[in-house]
Amino acid sequence: AKRILLGNWFTQAYYWDFAYTTLFDAIKDIKENERIKKLFEFYGTSNFEEVLTRLKDMDFFSKIYSFDGTPAKQDYEQIQDSLAKAILAVHPEKTTVIPETNKKNCLGFLQTFDSIFTVNYDLLVYWVLLHDTGEWKFWDYFNRDENTPREYCEYFQDGSHSKKHV
């Protein structure tokens, strides 16, 4: 069986506005927190996941070395909330925003696989699969019966995952 794991680059190829820098630029509250601002500057990144990983490590270190990790936990939660707000702000409201050629090219690429796994936060992979107007290889969960093939798309976040039948 041919499988693929999709990351943020797939989303960016499909819809460039979903880049880390665009997400970072979309939020304001996080930039007002000096500690958080310094973290992004120190690591030289606009990648939320990278900074969240560093803060998660800080929580671990605070327990081992017995120091107060509360500010790091608070910043972790604020960055998570800000990421969710940024996704809402940047994510297109409708599939019509995305050029038809992008949809067709992505669909053609995905149809060469038997299973799709993604670590993306967005609905764009799902939207590509819904764009299929021919023989559906991947099925929407709600339109499936017991005879429908069980190809699926899996979404992974924070070390856990859930199956989304599409």
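Just so you know, residue 1 is the first one in the sequence shown, and it goes up from there.
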(request) Measure across Phe61 and Phe67 and return the closest heavy-atom pair with its distance rounded to 0.1 Å. (result) O-CE2, 3.6 Å
(message) With a 4.5 Å cut-off on side-chain heavy atoms, are Leu39 and Leu55 touching?
(response) yes
(message) Does the plane of the ring in Phe24 sit parallel, tilted or perpendicular to the ring in Phe40? Use 30° and 60° as the thresholds.
(response) tilted
(request) Output yes when Lys2 and Asp114 qualify as a salt bridge under the 4.0 Å nitrogen-oxygen rule, no when they do not. (result) no
(request) Verify the cluster assignment for Leu88 and Phe48: are they in a single hydrophobic cluster under the rule of side-chain heavy atoms below 4.5 Å apart? (result) no
(message) I'd like to know if Glu100 and Lys103 make a salt bridge, using a cut-off of under 4.0 Å between side-chain N and carboxylate O.
(response) yes
(request) Supply the atom-to-atom distance Glu77 CD to Gln74 CD, rounded to the nearest 0.5 angstrom. (result) 7.5 Å
(message) What I'd like to find out is whether the side chain of Ile98 reaches to under 4.5 Å of the side chain of Pro92, using heavy atoms alone.
(response) yes
(message) Is there a path of hydrophobic side-chain contacts, each under 4.5 Å between heavy atoms, that joins Met58 and Tyr65?
(response) yes
(message) Restricting to non-hydrogen atoms, name the atom on Tyr76 and the atom on Leu52 that form the minimum distance, rounded to 0.1 Å.
(response) CE1-O, 3.3 Å
(request) Could you pull out the closest heavy-atom pair between Arg35 and Asn33, with the gap in Å? (result) N-OD1, 3.0 Å
(message) Contact between Leu6 and Ile4 at the side-chain level, heavy atoms closer than 4.5 Å - yes or no?
(response) yes
(message) For the NZ atom of Lys85 and the CD atom of Gln78, what is their distance to the nearest 0.5 Å?
(response) 7.5 Å
(message) Would you compute the distance between atom CG of Asn102 and atom CG of Leu107 and round it to the nearest 0.5 angstrom?
(response) 12.5 Å
(request) Group every Ile, Leu, Val, Met, Phe, Trp and Tyr by side-chain heavy-atom contacts under 4.5 Å, then state whether Tyr43 and Leu83 land in the same group. (result) yes
(request) Using a strict 4.0 Å threshold on nitrogen-to-oxygen distance, state whether Asp59 and Lys73 make a salt bridge. (result) yes
(message) Rounded to the nearest 0.5 Å, what separates atom CG in Asp68 from atom OG in Ser66?
(response) 11.0 Å
